[in-house]
Amino acid sequence: MNVLLFGLFVILLGGVLPQAFVRRPGAALRLHTLLLAAGSLCGLVGLFQAWQSGVTQALSIPWLGFSLLLSLDSLAGFFLLPVFLIAPLTALYGYQYLDTTQHSLRPVAGCFFFNLLICAMALVPLAADMIAFVVAWELMSFASFILVLYDWEEPQSRRAAHIYLLFSQSGAFAVFAAFGLLFAATGSFVFSATAFAALPQGVKLAAFVLALLGFGSKAGLMPLHIWLPHAHPAAPSHVSALMSGVMIKLGVYGILRMYFLLGDHSPIFAWIILVLGIVSGILGVAYALAKHDIKRFLAYHSIENIGIILIGCGLGMLGLATDEPIMAVLGFTGGLLHVLNHAIYKSLLFFCAGAVHRATATRTIDILGGLMRRMPITGRSFLTGSAAISGLPPLNGFVSEFLIYYAAFLGLRQDGFNLMLVVAAIIALAMIGGLATACFTKATGIVFLGEPRSAQASKATEAPPAMRATMLILSVLCLCIGFFPGPFIQAAFAALRDLGPMASSLSLLPGDLLTKISRNLTLIAWLFAALFLGLSALRRRAYRNKSVERGPTWGCGFTQGNSRIQYTGSSYAMSTVNFFRPLVLSRSQCTGLAQKLLPASAEYSSKAEDLAEVGLQHLLSRPVLWLAQKLRWIQHGRIQSYIAYIVLTIIVVLLLA
């Protein structure tokens, strides 16, 4: 652990030292990137050493009268892997993404909060007591809040930051309540599986539900997801990649850690997680299909993938509850591997979205188009990430989703309500995969294919070298996990090693099961690649001696076709979005419809609203604002009355005490 903690110290230095170069933001970003890469490398070396030794390491640090206990076990080590893997790539991307020509203070100050966020994210899995966890959790929330507020002049950024702060602190209160309940029952701040296992089942269930509310809010579970589609578009793209690819997974870590600490295998925990996973997965991708802002579109896909992760973990919990060890191991392994896979391809997609935004100064899908010719590396990288997030072979998303499917089909041996949930999970996974493919055919087709729909799109140029390098690295990682899944499946499997309830399941697992699965997935990937390359070669050979003529696209009866006759995102997705009414509040408006023989000027617009956000506004925000308006008479400016309020409050408190 010493090497890992030294890496965190170097990362923190990478945020502090650049402040001395506030007048030279380019040099500050170079120093920041270099130190962050060095610290992340130390972190990866420390994780590799811990993985080889297989020993849980602990460290106690005195702090303000408390002892902050840090511990590195297999589960914490696996969740640290995306932190140290994605963080240096986001810094390298941000080096050329951030504007250093006008605001000298902003990018340099951002370096500090960016690295503070990374250190806090690393300390969350390492925390082995409540005090250390709370300190790391709040540091993570504070640093990410400041980064969402990066463009503070923009009203949209300020509103997004306020919404994020509201949900972040509300979730933190729920986590604190769960910790308070556990402390009251055990008298200790330490995360002790032995002490928690002896608690009454009612206390365990209450603590788990409270923790689920808090951690689920950070993870973006529906209906606690409202902050996420606001925060990701507001933050810089490399920050969005870090938050979506890494930070929200720490909510999943909190849920899993609490579940294994409580040591209760009652099926009710699996039921709760499976239902939330199914709802989040389906509605996340349905809302994504209706969105026109490319970063908001990707934000809803984060909710979808959190749903997939929880479906896998829920199947694992159900396997533990019903003594199905293979189902349990495959469910948890698939869910954990999807944590890593999503970190890779979602960061890639946000990098591509940031490159598009930087080149065109817009995030609106419907006014882009034709970018594949102008930004070929960005376009092909986006296509790679799109195939990966859709779960298509031979990319990494297919591997983790296959394991979750495998666990689900093993669950068909269940009966009663358990069987109903397993069948619902299989149907949900199929729906999510199909809808995700529809989403990304829409995004890829509208943004990168066809003709430019605006002057910004027609003048776009490829991203700078550092940004292109990060996209290529992540694209290669997506392919590597798809073609060589064995080591990554073993890493996700090894994350279960130090979890007490999984010990018996791991011992009952056939020794060569994961090896066979890895070998078959590798074979599928190579066969798919061979088929694709073979068909491409046959096509090239068939057209070798044939002349190919190029001409304008048929103009549908008009004398001159233009980009307006192409599909838009709305027209492509509307029929599918309407299927999910009334869960997706889709509204359209038409003006100037043709009433005569010849067509006249007409306009059509559509908007999809989030049901949870609309409900929160009607049921909570508006009543609170109405009550505050009615109570404004209390604030009248007379100091005597304010003193009277204070005295009256003290009297009431004394009487109640």
Could you tell me whether a side-chain N or O of [X] sits under 3.5 Å from a main-chain N or O of [Y], the two making a donor and an acceptor?
X	Y	result
Ser386	Phe382	yes
Ser192	Ala195	yes
Lys249	Gly245	yes
Ser280	Gly277	no
Ser217	Gly171	no
Glu304	Tyr300	no
Asp73	Ala76	yes

When you compare the side chain of [Y] with that of [X], does any pair of heavy atoms fall below 4.5 Å?
X	Y	value
Leu147	Pro236	no
Ser244	His342	yes
Leu98	His238	yes
Leu477	Leu474	yes
Phe332	Leu256	yes
Ser237	Tyr97	yes
Asn396	Leu337	no
Val148	His230	no

Can you name the nearest heavy-atom pair linking [X] to [Y], along with the distance?
X	Y	result
Tyr164	Trp227	CD1-CE3, 3.3 Å
Leu36	Ala91	CD2-CB, 3.2 Å
Ser240	Lys295	OG-NZ, 3.4 Å
Ile404	Leu315	O-CD1, 3.7 Å
Lys442	Ala288	NZ-O, 4.1 Å
Met247	Lys218	CE-CD, 4.0 Å

Do any side-chain atoms of residues 107-134 form donor-acceptor pairs under 3.5 angstrom with protein atoms, and if so which ones, sequence neighbours left out?
{"from": "Asn115", "atom 1": "OD1", "to": "His32", "atom 2": "NE2", "distance (Å)": "2.7"}
{"from": "Asn115", "atom 1": "ND2", "to": "Ile11", "atom 2": "O", "distance (Å)": "2.6"}
{"from": "Asp129", "atom 1": "OD1", "to": "Ile131", "atom 2": "N", "distance (Å)": "3.4"}
{"from": "Asp129", "atom 1": "OD1", "to": "Ala132", "atom 2": "N", "distance (Å)": "2.8"}
{"from": "Asp129", "atom 1": "OD2", "to": "Leu69", "atom 2": "N", "distance (Å)": "3.1"}

Roughly how far, to the nearest 0.5 Å, is the [atom2] atom of [Y] from the [atom1] atom of [X]?
X	Y	atom1	atom2	result
Phe269	Met258	CZ	CE	10.5 Å
Leu429	Ile311	CG	CD1	4.5 Å
Tyr259	Leu262	OH	CG	9.5 Å
Leu298	Cys439	CG	SG	10.0 Å
Asp293	Thr362	CG	OG1	8.0 Å
Phe215	Phe208	CZ	CZ	10.5 Å

Any donor-acceptor N or O pair under 3.5 Å, side chains [X], [Y]:
X	Y	value
Tyr150	Ser157	no
His338	Ser400	yes
Lys346	His301	no
Lys204	Ser266	no

**OP:** With sequence neighbours excluded, tell me which residues meet salt bridge (Lys or Arg N to Asp or Glu O under 4.0 Å) with Arg358.
**Re:**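 Per chain and number, Arg358 pairs via salt bridge (Lys or Arg N to Asp or Glu O under 4.0 Å) with no residue.
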Taken in chain and number order and not counting sequence neighbours, the residues that satisfy salt bridge (Lys or Arg N to Asp or Glu O under 4.0 Å) with Arg158 are none
Do Tyr345 and Phe350 make the cut of ring centroids closer than 6.0 angstrom? no
- [ ] Indicate, with yes or no, if the rings of Tyr93 and Phe351 have centres closer together than 6.0 Å.
- [x]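 Here the rings of Phe351 and Tyr93 have centres that are less than 6.0 Å from each other.
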**Message:** With a sphere of 6.0 Å drawn around CZ of Phe579, does it hold more than 12 non-hydrogen atoms of other residues, nucleotides or ligands?
**Reply:**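 For Phe579, atom CZ is not crowded (no more than 12 foreign heavy atoms under 6.0 Å).
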> Considering residues, nucleotides and ligands other than Gln201, do more than 12 of their heavy atoms fall under 6.0 Å from its CD?
Replying inline: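 Check fails, neighbour count at 12 or below.
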Given the ring of Phe191, does Arg257 sit roughly above its face, with NZ or CZ under 6.0 Å from the centre of the six-membered ring and within 45° of the axis?
no
Passes side chain to side chain contact (heavy atoms under 4.5 Å, CB included), Trp137 versus Met140? Steps please. CA-CA 5 Å; Trp137 191 263; Met140 179 179 71; 3.6 Å; yes
task = Could you check whether the rings of Phe440 and Phe297 sit parallel, tilted or perpendicular, using 30° and 60° as the cut-offs?
result =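 Answer is perpendicular, since the angle exceeds 60°.
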* **Sidechain N-carboxylate O distance under 4.0 Å for Glu153, Arg106** =>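 Salt bridge flag = yes for Arg106 with Glu153.
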